[in-house]
Amino acid sequence: MTAKIAYADVEVGTELPAQTFPVNRAALVRYAGASGDFNPIHWNERFAREVGLPDVIAHGMFTMAEAVRVVTDWTGDPGSVVEYGVRFTKPVVVPDDDKGALIEVSAKVGAKLDDNTVRVDVTATSGGQKVLGMSRAVVRLA
């Protein structure tokens with residue numbers, strides 16, 4: 001695959017389409033199985049509260065992966081991501097109800113770099129709080 005967005009068509013400040021990703025307990029269990037991360041803070045409410053958390057929380061890597069989907073959906077090619085890094089600032093708390101939690105993600109081009117690459121600055125929030133800090137992806141465009 002190749003990115004569908006042309007480097008020449010992008011300017012600093014270009015906003016990517018924002019997205020909202022729902023997270024429920026079933027998604028966390030599926031992610032635990034796929035990743036091998038069965039830490040009980042991600043599925044056992046009693047345990048999560050015993051260690052001082054407000055409730056079960058989403059895996060950090062799950063949150064990170066959901067956030068970068070805004071970038072890969074925009075480029076049309078997951079392989080366009082050259083670099084991606086975040087700081088985990090707050091957990092995504094996932095209550096055991098019919099709603100779960102939402103991860104709201106927006107992004108914009110922060111810089112045009114060399115070799116048809118751009119830096120995309122990503123903002124991810126849940127429950128009105130920023131859950132990822134310094135979230136940045138470098139992507140190669142067409």
Side-chain angles (χ1 to χ4, degrees), residues 1-7 10-142:
M1 295 175 84
T2 303
K4 297 176 184 176
I5 304 294
Y7 180 82
V10 174
E11 299 299 328
V12 171
T14 298
E15 293 187 16
L16 285 60
Q19 295 187 55
T20 299
F21 303 100
V23 185
N24 58 29
R25 298 278 179 94
L28 298 183
V29 171
R30 286 191 303 274
Y31 181 83
S35 69
D37 182 352
F38 294 101
N39 186 325
I41 64 173
H42 303 303
W43 57 270
N44 184 314
E45 184 176 337
R46 179 185 47 79
F47 185 85
R49 290 184 189 279
E50 283 176 1
V51 298
L53 295 168
D55 205 333
V56 164
I57 62 170
H59 303 74
M61 297 301 282
F62 175 89
T63 303
M64 188 177 175
E66 290 292 83
V68 80
R69 285 176 57 190
V70 166
V71 178
T72 59
D73 287 354
W74 176 65
T75 66
D77 178 11
S80 66
V81 178
V82 176
E83 249 178 70
Y84 179 47
V86 306
R87 288 192 181 163
F88 301 107
T89 57
K90 298 277 184 187
V92 175
V93 178
V94 183
D96 189 14
D97 59 18
D98 293 339
K99 296 178 185 176
L102 296 175
I103 301 171
E104 299 173 271
V105 184
S106 61
K108 67 180 177 179
V109 174
K112 289 186 83 168
L113 309 171
D114 296 331
D115 197 25
N116 281 15
T117 60
V118 297
R119 188 192 77 226
V120 178
D121 301 331
V122 180
T123 301
T125 62
S126 183
Q129 295 192 329
K130 195 172 185 180
V131 295
L132 299 176
M134 296 296 293
S135 184
R136 294 180 171 172
V138 175
V139 292
R140 181 162 286 111
L141 302 178

Correct closest heavy-atom pair for Val23 and Val94 would be O-CG1, 3.7 Å

Heavy atoms of Leu102 and Ser126 approach each other most closely as O-OG, 2.8 Å

OG1 of Thr89 to NZ of Lys130, rounded to nearest 0.5 Å, is 7.0 Å

Taken in chain and number order and not counting sequence neighbours, the residues that satisfy side-chain contact (heavy atoms from CB on, under 4.5 Å) with Glu50 are Arg46, Phe47

Taking only distance into account, with no hydrogens and no angle test, what donor-acceptor pairs under 3.5 Å do side-chain atoms of residues 56-74 form with protein atoms, sequence neighbours excluded?
residue, atom, partner, partner atom, Å
His59, NE2, Asp37, O, 3.2
Thr63, OG1, His59, O, 3.1
Glu66, OE1, Arg69, NH1, 3.1
Glu66, OE2, Arg69, NH1, 3.4
Thr72, OG1, Arg69, O, 3.3
Asp73, OD2, Gln19, NE2, 3.0

The complete set of side chain to side chain donor-acceptor pair (under 3.5 Å) pairs with one or both residues in residues 107-120, sequence neighbours excluded, reads Asp115-Arg140, Arg119-Asp121

Task: Check: Thr14 side chain, Val109 main-chain N or O, donor-acceptor pair, under 3.5 Å - done: no

With sequence neighbours left out, the residues meeting ring pair (Phe, Tyr, Trp, His ring centres under 6.0 Å) with Tyr84 are none

Nearest heavy-atom contact between Thr75 and Ser80 is OG1-OG, 2.9 Å

Yes or no on side-chain contact (heavy atoms from CB on, under 4.5 Å) for Leu132 and Phe88, after CA distance, side-chain angles and deciding distance? CA-CA 5 Å; Leu132 299 176; Phe88 301 107; 3.6 Å; yes

Output for pair (Asp55 CG, Asn44 CG), nearest 0.5 Å, gives 10.5 Å

Distance col, row Ile41:CD1 vs Leu28:CG, nearest 0.5 angstrom, shows 10.5 Å

Heavy-atom nearest pair, Gly110 first then Val12, reads O-CG1, 3.7 Å

Correct closest heavy-atom pair for Tyr7 and Leu113 would be OH-O, 2.7 Å

Looking only at heavy atoms, the pair that brings Pro95 and Val93 closest together is CD-O, 3.4 Å

In short, side chain to side chain donor-acceptor pair (under 3.5 Å) pairs touching residues 91-104 with sequence neighbours left out are none

Residue pairs meeting ring-ring contact (aromatic ring centres under 6.0 Å, His included), one or both in residues 101-122, sequence neighbours left out, come to none

